[in-house]
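Letters A, B, ... mirror the listed sequences (proteins, then strands); counts begin at 1.
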Protein chains: 2
Amino acid sequence: MLTKSSTELVRQRNSVLVLSVLRRHGALAHTEIADSTGLSSATISAITADLERAQIIEKSEQQAASGRGRPRVLLRQRRDCGYLIVVIISSDAVQYSLVDYAGKLIDRFSEERSHDPAGAARFIAGVRAGLSRILDRSRITQEKVLLISISSKGLVNSTEPVLVWSPIFGSEQIDFESALRPDWQAKVILDNETLLVAAALGAREEIVKGADFRSLAALSLGHSVGLGIVRRGNQTGQEISAPNFGHMLHMAGGGLCRCGTRGCIEAYAGFYAILRSAFEVPLDTIPAKFVPVAELDKIAAKARQGHRIPAFAFRQAGLALGNGLSRMLSLTERMPIAITGPGTRYYDLLRQGIEEGLSQSHIVRMEGMPEIRVVADEQILVFEGHLNRALSVIDQDIVISGGQSGD
Amino acid sequence: MLTKSSTELVRQRNSVLVLSVLRRHGALAHTEIADSTGLSSATISAITADLERAQIIEKSEQQAASGRGRPRVLLRQRRDCGYLIVVIISSDAVQYSLVDYAGKLIDRFSEERSHDPAGAARFIAGVRAGLSRILDRSRITQEKVLLISISSKGLVNSTEPVLVWSPIFGSEQIDFESALRPDWQAKVILDNETLLVAAALGAREEIVKGADFRSLAALSLGHSVGLGIVRRGNQTGQEISAPNFGHMLHMAGGGLCRCGTRGCIEAYAGFYAILRSAFEVPLDTIPAKFVPVAELDKIAAKARQGHRIPAFAFRQAGLALGNGLSRMLSLTERMPIAITGPGTRYYDLLRQGIEEGLSQSHIVRMEGMPEIRVVADEQILVFEGHLNRALSVIDQDIVISGGQSGD
DNA sequence: ATTATTTTCTCGACAGTCGAGAAATTAAGT
DNA sequence: ACTTAATTTCTCGACTGTCGAGAAAATAAT
């Protein structure tokens, strides 16, 4: 559905554009902003004057004049314009980070996850406590927290911040919106963790390749299996999505998965699945909730020494991943695949299976094997993805509402 | 990547908006346009005056005044503003349709496809001949043909009008852009046939449900298997895509497909595949190029009489479709599925397999079986999809360029 | 004829962008 | 010390666009 445009909307969009180049490049002078936005100098004057009046950006002390002519004055975001809390939920801990409007980390701590399985309600209480704790440790008033950006593995509702399915809580839904609304007036967004990895990699790629960048998938290997896809949208930035890849059907009637279904990809490629097949436990055994990585390292060591059964377990995992990836490519398009997560340490063992699984499909036979790269530092990428997304959401919101309060 | 906005762009967008409501609702009066666009009366005056000057719309004879007050003058598109040629490539014929700017069919004929397999070049020559024929039969000058909209089964390049893979020509690519550029200055677009079906169904759905519409998949069953997905985009109208569904991997190392790969969905659910398994021909037999539907009807009749082997063939086909659909849903989201194409006549035989194949997956177990409906009149939907897409492309182009030539 | 009603058109106000050039500010030259 | 060149920022008028209010137009009812 198309919708009407107005001159005010033009200003809004151009203001967001100015903020976004400021975010990408750091402090910039008037002329530099004009150059990288394509807007005229006069327009930059008008927009920056507005933003300055609304206390969103500020003039910084001019640096040592680097040539002759009137010295530049750099414009930059005001750090105290607003704050962001990033909550990263992982299987064993929840990490809270307080970040200012310029993207600078102010405070961070992690809290152990209670492994109490009966604890969706307790978990929510824990998150609420963690949030107030990070606020209390700072000198920031609550109204200044503009956004709470949460990530988790699992399946996320695309429109509301509701965790629909997660490895830990299963189908016990967690609605962060209603959980946090009593305490917080900040906006709450929730994203799948691997989606954020993909978003971060996509943003990096776009800086390097510019308009040549088309699409990219991130595959996260660990206790569970996640996938994020970034695709260049028609007009609007990037299109990102986090499919339910780990629980996509690999083989009908196959091994039993943690989710209770048979034949999920994760039932072959999750850590517990590799363990299960390495120990030749029947595939319909209810899998362990949690597998120590050290255990898997031992199996990997044996596989590398040439033992058949452990090597076969990794190969099966690779095949499931490769087949699944090929299906994903059939449904989208050929794109590079970045593999992250703790499972990358076994990539040498998985690789052959992945490639064989991929090559069993029409699309790969026809268009060739997609580029596969291993990317370390998943944690950093998750955080980077949070910042990318959250700060641009804040920019958007601040411009829309800032025009009202400003002046 | 964000891009700058300007006041001119506002006018462009609002002009397109006006043209789109005119297209949806037919001839409208000034006030009606204002109501359904949300633009003010003054703006409508300005925009329609521009469009009228550019000879894109015209005032129609006012209808019988329906009340007191100044009578309305209806505005409508000028039919002679430009023309569209729709080319629908199917396995046995190519249909050419000439359509005016208001979407009215002016002329149509079909030409038999030469089944000569060595004929990509000859096929292109045939299309060029067909196009000049339909133009010659009219009194329209070539410059007035603004767009040639082509559809085919198979895999289509998403940015350029290149048929990457098709059931008939295989990997022998057909680049319609370079094939038609010598003769035509019209823009050329190419879409997958089932994508157009999905687009048409999505547009219908959106009229009924309005903002509640989220997404929809169209599955076309026939000699080959096609899938189109429509999803409501964030801001920009609808996001549509045509995955390579028929050749998505169903089962590694499975039956041989026409494409030369093993285990494609089509190798189980295409007409030739059902025939093959009903006759218990080994699954690695090179399949027939073309299967008379009468032959399949016989098998279906036997299956309905309770013969095991033919019934099993349809069931296997259903399972392949159901598993494939479940994978598609895992990678996107739960959405209704509309089944079209000649294969719908066997839906009674396929249904159980499809549902079983779907229910083997996590997403269906968790969120429930998606709504499945059978939709007849695939041909009409394909044409409707062509018109939806092509005419809105024309509107867009005409507004962008029309501003220059106009006045 | 006059009045009520409805639609279309027009005018002035306001918001936004742009190009050109003025104002500001520094380095280099004489 | 003064002038000139260079560079950046700011300002002004022109242009485009949307909007609200009300004038103008055109018909039915009184």
Side-chain angles (χ1 to χ4, degrees), chain A residues 3-18 27-54 57-75 399-400 402-404 406-407, chain B residues 3-18 27-54 57-75 399-400 402-404 406-407:
Chain A
T3 176
K4 75 167 176 175
S5 286
S6 61
T7 51
E8 286 84 356
L9 226 147
V10 169
R11 168 56 66 91
Q12 264 184 30
R13 297 169 87 96
N14 285 338
S15 298
V16 170
L17 180 62
V18 167
L28 288 181
H30 188 106
T31 41
E32 294 170 316
I33 297 176
D35 284 351
S36 48
T37 57
L39 293 165
S40 75
S41 164
T43 304
I44 300 299
S45 279
I47 289 176
T48 53
D50 272 6
L51 292 175
E52 210 178 337
R53 204 164 339 146
I57 62 172
E58 62 188 354
K59 292 200 176 76
S60 80
E61 289 70 75
Q62 60 251 40
Q63 55 192 6
S66 61
R68 65 174 158 180
R70 179 172 172 172
R72 305 176 154 192
V73 300
L74 299 186
L75 296 166
V399 164
I400 291 170
Q404 297 167 355
D407 186 88
Chain B
T3 175
K4 75 168 176 175
S5 287
S6 63
T7 50
E8 285 84 357
L9 224 146
V10 169
R11 169 56 65 92
Q12 265 184 29
R13 296 169 86 98
N14 285 338
S15 298
V16 170
L17 179 62
V18 167
L28 288 181
H30 188 105
T31 42
E32 295 170 315
I33 298 177
D35 284 350
S36 48
T37 57
L39 293 166
S40 76
S41 165
T43 305
I44 300 299
S45 279
I47 289 176
T48 54
D50 272 5
L51 292 175
E52 210 179 337
R53 207 169 343 175
I57 63 173
E58 62 189 353
K59 292 199 176 78
S60 80
E61 288 72 74
Q62 60 253 41
Q63 56 192 7
S66 60
R68 67 173 160 181
R70 179 171 172 171
R72 307 179 152 189
V73 300
L74 298 187
L75 296 166
V399 164
I400 292 171
Q404 299 168 352
D407 185 86

Rounded to the nearest Å, what distance is computed from the [atom1] atom of residue [X] to the [atom2] atom of nucleotide [N]?
X: R13(B); N: dT18(D); atom1: CZ; atom2: C1'; value: 15 Å
X: L39(B); N: dC9(C); atom1: CG; atom2: P; value: 16 Å
X: E8(A); N: dG17(D); atom1: CD; atom2: C1'; value: 10 Å
X: R11(B); N: dC15(D); atom1: CZ; atom2: P; value: 17 Å
X: Q12(A); N: dA15(C); atom1: CD; atom2: P; value: 14 Å
X: I47(B); N: dC9(C); atom1: CD1; atom2: P; value: 14 Å

Base, sugar-phosphate, or nothing: which does I44(A) touch, judged by heavy atoms less than 4.0 Å apart?
->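 Answer is nothing: I44(A) stays at 4.0 Å or more from every strand.
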Does any pair with a residue in residues 36-50 of chain B pass salt bridge (charged side-chain N to carboxylate O under 4.0 Å, His left out), and if so which ones, sequence neighbours excluded?
->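 Checked against salt bridge (charged side-chain N to carboxylate O under 4.0 Å, His left out) - neighbours excluded - the pairs reaching residues 36-50 of chain B are R11(B)-D50(B), D50(B)-R53(B).
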Can you tell me if [X] touches the phosphate of [N], counting only side-chain N or O atoms and a distance under 4.0 Å to OP1 or OP2?
X: K4(B); N: dC18(C); answer: yes
X: T7(B); N: dT16(D); answer: no
X: N14(B); N: dG17(D); answer: no

Can you measure from OG (S60(A)) to CZ (R72(A)) and round to the nearest 0.5 angstrom?
->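 Here the interatomic distance stands at 12.0 Å.
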Once you round to the nearest 0.5 Å, how far does CD1 of I44(A) lie from OG1 of T37(A)?
->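 Rounded to the nearest 0.5 Å, the CD1-OG1 separation comes out at 4.0 Å.
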Please figure out whether A42(B) or A42(A) has its closest DNA chain D nucleotide nearer the 5' end.
->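 Residue closer to the 5' terminus by nearest nucleotide: A42(A).
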Expected output: side-chain H30(A) to main-chain S41(A) donor-acceptor under 3.5 Å =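 Checked: pair present.
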In terms of side-chain heavy atoms of T43(B), which of dG17(D), dC19(D), dT17(C) is nearest?
->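 Of the candidates, dC19(D) comes closest.
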Identify the heavy atoms of [X] and [Y] that sit nearest to each other, and give their distance.
X: V10(A); Y: S6(B); result: CG2-O, 3.6 Å
X: I47(A); Y: S15(A); result: CG2-OG, 3.9 Å
X: E52(A); Y: E58(A); result: CG-CA, 4.4 Å
X: L17(B); Y: T3(A); result: CD2-C, 4.0 Å

If you fit an axis to the five pairs at each end of the helix from dA1(C)-dT30(D) to dT30(C)-dA1(D), how big is the angle between those two axes, to 10 degrees?
->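 It works out to 30° between the end axes.
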Is there side-chain contact between L39(B) and K4(A), with heavy atoms separated by less than 4.5 Å?
->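 Sidechains of K4(A) and L39(B): in contact.
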Per-nucleotide protein contact along nucleotides 1-9 of chain D, 5' to 3', at a 4.0 Å heavy-atom cut-off (B base, S sugar-phosphate only, - neither), is ----BBBBB
